[in-house]
Structure formats: C-alpha cells, structure tokens
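Each chain gets a letter, A, B and so on, in the order its sequence line appears, and its residues count up from 1. Just the heavy atoms: all of them, side chains too, but no hydrogens, waters or symmetry mates, feed the values below.
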Amino acid sequence: MAAVLAAGLSGCGDAGAETQNAAQPDAAQTEATENDAQQEQTDEASKADSAGVSGEKVSVVLATNWGEGDAKYDYFYPLFEQFQEEHKDTLDITLQTYSTEDYKTKIKTQTASGDLPDVFTYWGGGMMKDMVDAGLLLNVDDYFAVSSKVSKEQFEDGAFEYYVSGDGNAYGIPLESTRGIFIANKALFEQYGLEYPKTYEDLVEVSEVFKANDIIPLAIGSNGGTPSEFFFSELYNQYEGAADEIKALAAGGSFHTENAVKVAEVIVDMIDQGMLPADTMANGGWTGSLQLYTDQKAAMTYTYPWNFEFISDEMQENSEIIPIPQLPGSTVDPSTMISGFTVYGFVINKQSFEDPAKQDAVLALCDFLASDELTQELTKSGMIPCKKVEVNVEEQKPIMRKTIEYAKDKALVQVHYTTMPSADAITMMDSSLDELFIKAITPEEFAQKVQAVLDKNNGS
Amino acid sequence: MSSKRKETLLAVGFLSPVFILYTIFLFVPLVNTGFYSLTKWNGVTERVFIGIRNYQELFQNSDYWITFRNTIKLVVVTLLIQIPVGLLLAYLLYLKTKGAKLFRTILFLPVVIAPVAISLMFSLFYNSEIGVFNKILETIGLGRFQTNWLSNTRTLLYAVMAPQVWQYIGLYVTIFLGALQSVPEELVESAEIDGAGKVRTFFFVVLPQIANFTNICVILCVTGSLKAFEHSWIMTGGGPGVRSAYLGVYMYKTAFVNSDFGTGSAVTMTIVALSLVITGLLNGIGRFRERE
C-alpha cells in the first residue's frame with residue numbers, strides 16, 4: 001500500500017510550522033503529473049539539445065558527498081549510472097565524490113580557485129553565504145523558469161527557506177529534510193523494570209539504575225560538535241522564547257542568551273551525574289555515539305535519519321522513540337515538538353548554467369537530481385524528502401516508520417545549525433561544545449565564545 | 001669555450017631543473033601566501049589589502065598562542081624521545097643483535113603506514129569505553145593510571161602526540177644505523193683495545209663521528225613537528241577547541257573550515273618564520289660545535 005511519506009513528516013517546513021500537510025497530491029503535483037506526458041515528448045528533444053549545438057558530447061561535473069560509505073550511495077549510484085547510460089551519447093558526466101568533511105574543503109578550495117563543479121550538493125544558510133555574495137550560485141528561479149520537469153510548487157512549503165539568502169532569493173534546491181529523534185532501548189528498560197523518563201528527575205533516576213549495571217544512560221558525545229550541537233538545540237527549544245531566539249540568529253540575533261547558559265548548565269549537570277559517556281571525545285561524532293547504543297552499551301541516544309542505515313533491523317525494532325525528558329524550569333512540552341528542517345540540497349554553478357553550450361546539460365542533470373524517482377529511492381536510506389513525492393511506507397526501515405508515526409502530530413522546531421549566519425560561528429559552536437563536554441570551559445564561557453564570533457562578524 | 005665557462009654552464013644546466021621546480025612549487029606559493037596574509041579574503045570575494053591587521057589580530061588571539069605552545073611542546077617531546085630512542089635502538093642493532101634484520105623491519109614498519117590509519121587505530125585504543133589501552137593498564141596492575149585519554153585536558157595533547165612520536169622513531173633508527181655503519185671499525189676496535197668500554201666508546205668515539213647525521217635528524221625532527229597535522233586532525237580535529245591542535249591544524253581550520261584565507265596565510269607565514277629561526281639556530285649550533 002502506497003502512502004505519502006510527507007503526510008507524516010511535512011517535508012521541510014520551517015520552524016514552528018505544524019506537521020499537517022497531508023493533502024497529497026496537491027494541485028501543483030497534479031499539474032506536474034499532467035505535464036509528464038508533454039515532458040516525455042520533449043525528452044528526446046532535450047537529449048539532443050544537451051549534446052550542444054555542434055552535436056558533440058557536453059562535459060559536466062557533478063560533485064557530492066554521497067560517495068561510497070555514505071548512507072545514500074547505494075540508492076543514488078544505481079540511478080546515476082542509469083541516467084549516465086541514458087545520456088551517454090550526449091553527456092560526459094564526471095562524478096566527484098568525497099566524504100563529508102573532505103567534501104566541504106574541496107568545494108571551498110574549488111571556490112577559491114574559480115573551479116566549481118557545474119552542479120553540486122551543498123548546505124545552505126551560513127555555509128553557502130560567501131558563494132552567494134560572490135554571485136557564483138544560480139538563483140533557482142532561473143532554473144525553474146527553464147525546466148519543464150521540475151517546478152518550485154512540487155516542493156514542501158518552506159522547504160526553500162534554508163537556501164534563501166539575504167536578497168530574498170533561493171540559491172539551492174532542497175532535497176533532504178530531517179527530524180531529530182531521541183531513542184530508547186526497549187529491551188534494556190524492560191530488563192531493569194524501568195519506565196521511560198518524562199522529566200529530568202526521572203532521567204536521573206533511570207540513569208542511576210543503568211550506571212549501577214555498567215550501562216551508559218545516554219550515548220551522546222561531542223566530537224566536532226556532533227551530535228552535541230543538535231542535542232543542545234533540541235534541549236534549547238524547551239525553554240520559553242527559545243524557538244524565536246534560534247530563528248533570530250539569522251538576522252543578527254544573539255547567541256549568548258539566558259537560555260543558552262541554562263542549557264549548557266543542564267549538559268554539565270548530565271556530565272556530573274554520569275549520564276553521558278565518560279570519554280565524550282572518543283565517543284563523539286554521529287557514528288561514535290550511535291555505536292555505543294547499537295552495541296547495547298548505552299540505553300538511549302539522540303540521532304538523525306541519515307544514521308538509520310547504520311542501525312541493525314533488530315535494533316530498529318528494539319528502539320522506541322520517546323520525547324526528550326522535560327528539563328527543569330522549561331515551559332515547552334517536549335512531547336509536542338520535534339526538530340525538523342531542511343538540511344541538504346544541491347546548488348547550480350551560475351556560470352555553467354548561463355553558458356549556452358552547457359545549459360541543457362546542466363538542466364538535464366538538475367532535473368535528474370530533483371526527479372521524483374531519485375527522491376523516492378533516496379528515502380530508502382532514511383532521507384525525508386523536501387519534494388512532495390509518494391513513497392511506500394512499507395518499504396521504509398522500521399525506525400523510519402516509527403519516526404513518521406511519532407512526528408505526525410508534532411510541531412517542527414529549528415536548530416542553531418540552520419540559522420547561524422556564518423560558517424565560523426557554526427565551527428565555534430561545535431568546538432566550544434566539545435570543550436564544554438569535557439568541562440574545559442564553563443557554560444558562561446561557552447556562550448561567550450560563540451557570541452564573540454558573531455560580534456566579530458557583525459563588526460561590533 | 002673556456003673550461004670555466006663550460007663548468008658554469010654545466011652547473012647551471014644541473015641546477016636549473018631544481019631551481020625551476022622550487023620556484024614554481026615553493027617560492028611563488030610562498031610569496032603569494034605572504035601577500036594573501038596581508039589581505040582580508042574569504043577565498044571567494046575580492047581580496048582587500050589590510051596591511052598587517054591579520055598579524056595583529058592573530059597575535060592577540062589566545063587560540064593562536066595555545067596552538068603555538070602545543071607545537072613547541074611537540075618539538076621538545078619529539079627531540080627528547082625520537083632522537084635518543086632512535087639512536088639507542090640503532091646502536092643495539094649495530095651491535096649485531098640476534099635477529100637485527102627482523103627488528104630493523106619491525107621498527108621501520110610504522111613509518112610506511114599512513115598516519116591516518118595509525119591515528120584511527122590509536123583513537124580506538126584510547127577509547128575508555130571500548131578501547132584496549134585502559135584494559136591493558138588494568139591487566140598489568142597500573143589501573144590507577146586509567147583515564148579518558150582524549151577527554152582529559154591533562155592527557156589530551158600528549159595522547160595525540162604519542163602516535164606521531166612512536167610512528168617516526170623507525171625513521172631515525174634507520175638513519176642512525178646507516179651512520180653507525182659508516183664509522184670505521186678500526187676506530188671502534190682501537191678504542192676497545194685501549195680499554196674503553198662499550199659505553200665510553202659510544203659516547204667518546206662513535207657519537208662524535210656521527211654528529212652530522214645527528215644534526216640532520218634533529219632538523220628532520222624539528223621540521224616534521226612544525227608541520228605536524230595528520231595525527232591531530234584525524235584523532236580530535238585539533239579539539240576540543242584547539243587544545244590538541246598544532247599550528248598546521250590551526251592554519252587549516254582557519255583557512256579551509258572558517259574560510260578566512262587571509263588569517264590562515266598569516267598563520268602559515270608564522271610557521272615559515274618559526275621554521276627558519278629554529279633551523280638557523282640549529283645550523284649555527286652545528287657550525288659552532290664543528291669549529292670547537
């Protein structure tokens with residue numbers, strides 16, 4: 001039975017948007033479907049066009065971090081090969097893949113040397129700001145104006161916000177939305193006769209039992225700010241006015257707030273209570289933290305769908321998604337919200353798109369990346385699509401099905417990562433969280449360090 | 001053509017390939033980096049000339065001085081461990097230890113392994129939840145020394161230094177072994193006939209004979225430490241904060257992670273300056289000792 005994945009997840013809606021976007025397919029989709037017949041007729045023509053005026057093959061470069069080892073590789077690569085085969089007479093596509101951190105460096109280096117790929121997956125917000133300011137990226141409206149296969153309306157409301165720059169234009173096509181989930185090992189809770197913690201006091205109590213049995217209560221470390229950064233934001237959203245404060249960061253808002261210090265203090269208390277792994281550096285990072293949980297050395301963890309691929313089916317069945325316990329002094333009920341935001345997409349090299357000899361080739365590549373077929377396939381890796389597509393929920397991983405069910409009635413909240421105005425502020429938040437987790441700095445110093453970068457960038 | 005002119009042409013002919021390669025791949029980038037260090041540049045937009053402001057900000061930045069101190073500590077630790085241990089092991093091999101070839105291979109093996117692999121291996125060893133390091137300490141009765149190696153501010157930097165120090169000892173063993181084998185045997189034998197024991201022969205006969213090799217090892221050791229990057233980057237990303245970062249890591253983070261190529265270039269220039277000062281100092285000491 002086919003169900004609409006977006007019905008449960010509301011795609012990439014912005015912070016605070018209610019997850020009630022179940023009326024699928026909408027008018028835009030219907031229109032897009034009607035267009036499909038016409039598009040098929042023009043496919044052959046566009047293939048011929050993409051060969052360029054001279055009839056020679058056009059070379060295009062596609063770069064992504066979905067290389068081998070990435071959760072999406074197994075789903076992306078077969079379709080990419082198929083696309084390549086279909087266009088072998090007209091396109092000469094070079095696929096460049098790197099692991100995420102190397103990929104960021106590669107793009108920055110290529111940006112500096114004026115050698116950007118024609119189309120590449122990339123992050124929005126502060127990460128793409130410099131490229132937008134330098135006029136290197138295409139306003140996606142220009143792409144939609146030319147594409148006969150993909151339209152802006154085919155995407156979820158608010159999906160483009162992450163890629164909207166200061167000038168009000170969007171410079172990226174969102175592909176992936178995400179949800180942060182707090183999961184608990186059902187079997188371990190049953191084994192020790194424990195209830196899932198609803199409040200911080202409950203969390204302290206269950207932690208004592210787990211610690212007494214050599215089980216780490218929460219597998220959350222901090223190495224390079226993961227997963228601590230998103231966990232920090234998730235906790236932050238429980239406090240009054242926090243959601244607005246996170247939103248305001250993009251427009252010059254302050255990071256050094258009372259709430260930021262409060263949340264940092266809670267984290268220090270978690271460390272003092274022995275809730276987190278003792279070695280938060282060695283057990284930090286997405287995989288490091290998750291490993292403790294999947295090895296059943298930890299009872300709970302906080303993770304995101306891009307890690308679902310690394311959780312065994314058995315462990316997925318054994319995991320229960322629960323609200324993060326309510327923190328002392330917080331006012332927002334954590335069981336009513338879930339962090340959810342656009343996290344990834346692709347951008348188009350403006351110069352390549354405006355090159356008449358290349359435009360059709362770039363267009364074909366973009367149409368492929370934004371196609372329903374690829375989007376649907378990528379959902380199998382745990383990706384929540386920003387595009388409104390029909391996805392068979394039965395084909396999804398058990399943990400994904402649970403996430404869909406859990407997220408149904410939750411309000412979406414944002415995280416600092418998406419609203420931080422610059423890459424160096426994100427880096428400082430990440431490295432300062434690493435320091436906070438080993439108690440090398442105080443909560444106050446943590447907030448001050450991040451604020452200092454924002455102040456420097458604002459020239460104050 | 002006069003023979004002097006011929007000699008000059010020959011010298012120019014032999015030197016020019018190296019000169020061209022060095023100019024293209026070393027001097028030009030160095031001059032460019034020097035220029036970038038005087039600009040505000042995010043790698044994307046136009047460079048704006050700001051004079052020495054990057055240097056002023058850098059020298060007021062506590063993170064820079066932390067990484068500077070870490071780098072100097074690494075230089076000292078490698079000099080105190082790699083050179084003496086390398087020399088000692090080489091001397092033991094030189095004394096025709098049984099299985100010397102096997103030991104030489106084993107000692108050199110880490111040198112040819114990628115630092116990335118070594119760093120990942122040590123990260124797992126150190127992990128206090130799943131790593132073997134703490135377990136070994138407990139097994140051998142040193143349980144009181146167990147700690148969270150990468151999450152303890154007192155052990156973090158040294159835990160990151162350890163794999164680098166260990167990995168390259170084999171390189172110095174190989175250099176020193178070659179040096180020891182070049183010492184005339186008659187010299188050693190006559191010292192022993194004169195009644196000098198193994199220790200005295202080593203310190204007063206062998207060591208002065210290999211002084212030039214020692215200087216080379218010291219310079220390799222120092223320059224290797226000044227450009228240290230991989231172990232710190234792979235194990236901790238230079239963090240938490242910059243607590244386990246060296247100048248190379250700090251430069252990389254500044255330029256390529258934070259997109260501040262101007263300041264990143266300024267860090268690079270300080271590394272170059274530091275390298276030149278230390279190398280000049282060591283060469284000076286070497287020349288002074290030769291004169292003595």
Side-chain angles (χ1 to χ4, degrees), chain A residues 101 104-114 116 126-127 129-136 216 219 221-225 271 276-285 288 291-292 295 297-298 422-428 430-441 446 449 453 456, chain B residues 32 36 41-47 57 61-63 66 116 120 122-131 133-134 146-156 159-160 233-245 249-250 252-265:
Chain A
E101 288 311 312
K104 287 176 186 170
T105 307
K106 167 199 156 63
I107 295 297
K108 281 177 184 171
T109 311
Q110 287 187 298
T111 307
S113 61
L116 275 179
M127 292 289 287
K129 185 179 176 298
D130 291 340
M131 284 188 272
V132 172
D133 290 348
L136 300 176
I216 300 161
S222 184
N223 189 332
I271 296 162
L276 308 182
D279 197 343
T280 54
M281 272 302 279
N283 294 295
Q291 185 82 47
L292 291 175
D295 287 350
K297 288 178 188 296
S422 61
D424 56 351
I426 297 169
T427 309
M428 182 52 84
D430 290 345
S431 64
S432 302
L433 272 170
D434 290 353
E435 288 182 292
L436 182 76
F437 268 65
I438 66 162
K439 291 178 68 181
I441 55 173
F446 158 69
K449 284 183 92 166
V453 177
K456 187 187 165 199
Chain B
N32 274 344
Y36 297 154
W41 185 38
N42 61 11
V44 184
T45 49
E46 284 293 305
R47 286 182 285 268
E57 284 178 8
N61 187 333
S62 61
D63 283 353
I66 291 172
V116 174
L120 286 173
F122 269 80
S123 297
L124 289 172
F125 282 174
Y126 285 138
N127 191 314
S128 63
E129 312 292 349
I130 57 169
F133 207 67
N134 278 344
Q146 285 180 334
T147 186
N148 303 309
W149 297 96
L150 296 177
S151 298
N152 180 337
T153 49
R154 276 183 294 187
T155 58
L156 168 66
V160 171
W233 184 248
I234 297 294
M235 291 176 75
T236 59
V242 291
R243 283 162 202 275
S244 63
V249 175
Y250 185 62
Y252 180 82
K253 276 178 113 167
T254 307
F256 294 98
V257 178
N258 293 338
S259 298
D260 186 351
F261 286 84
T263 310
S265 300

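Taking chain B as the reference chain and counting heavy-atom pairs below 4.5 Å, the highest number among A/Thr111, A/Leu436, A/Leu433 is found for A/Thr111. With chain B as partner, the option from A/Ser113, A/Gly284, A/Ser431, A/Gly224 having the largest number of non-hydrogen pairs under 4.5 angstrom is A/Ser431. For the options B/Gly237, B/Gly238, B/Gly241, heavy-atom pairs under 4.5 Å to chain A are most numerous at B/Gly241.
Proximity to chain B is absent for every atom of A/Ile426, based on heavy atoms less than 4.5 angstrom apart. With a 4.5 Å cut-off on non-hydrogen atoms, B/Phe256 touches chain A through its backbone and its side chain both. Heavy atoms closer than 4.5 Å to chain A are found in the side chain of B/Ile130, but not in its backbone. If you measure heavy-atom distances from B/Trp41 to chain A, the contacts under 4.5 Å come from the side chain alone. Both the backbone and the side chain of A/Asp130 come within contact range of chain B, with heavy atoms under 4.5 Å apart.
To the nearest 0.5 Å, atom NZ of residue A/Lys449 and atom OG of residue B/Ser62 are 7.0 Å apart. Between the CG atom of B/Asn152 and the CE atom of A/Met281 there is a distance of 12.5 Å, given to the nearest 0.5 Å. Here A/Ser422 contributes atom OG and B/Asn42 contributes atom CG; the two are 11.0 Å apart, rounded to the nearest 0.5 Å. Summarising the geometry, atom CG belonging to A/Leu292 is positioned 6.0 Å from atom CD belonging to B/Glu129; distances are rounded to the nearest 0.5 Å.
For the residue pair B/Asn127 and A/Asp279, no side-chain donor N or O sits within less than 3.5 Å of a side-chain acceptor on the partner.
A donor-acceptor distance shorter than 3.5 angstrom exists from the side chain of A/Lys108 to the backbone of B/Val257, with no hydrogens or angles considered. Of the possible polar contacts, one joining the B/Ser151 side chain to the A/Thr280 backbone as a donor-acceptor pair under 3.5 Å is found.
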Evaluate the side-chain contact (heavy atoms from CB on, under 4.5 Å) criterion for residues B/Asp260 and A/Asp424: first the C-alpha distance (whole Å), next the side-chain angles of each, then the deciding distance (0.1 Å), finally the verdict.
-> CA-CA 9 Å; B/Asp260 186 351; A/Asp424 56 351; over 6 Å; no
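When side chains are defined from C-beta on, B/Thr153 counts as touching A/Ile438, because their heavy atoms get closer than 4.5 Å. Inter-residue side-chain proximity for A/Lys456 and B/Glu57 is flagged as met; some heavy-atom pair is nearer than 4.5 Å.
The number of heavy-atom neighbours closer than 6.0 Å to NZ of A/Lys104, taken from other residues, nucleotides and ligands shown, is above 12.
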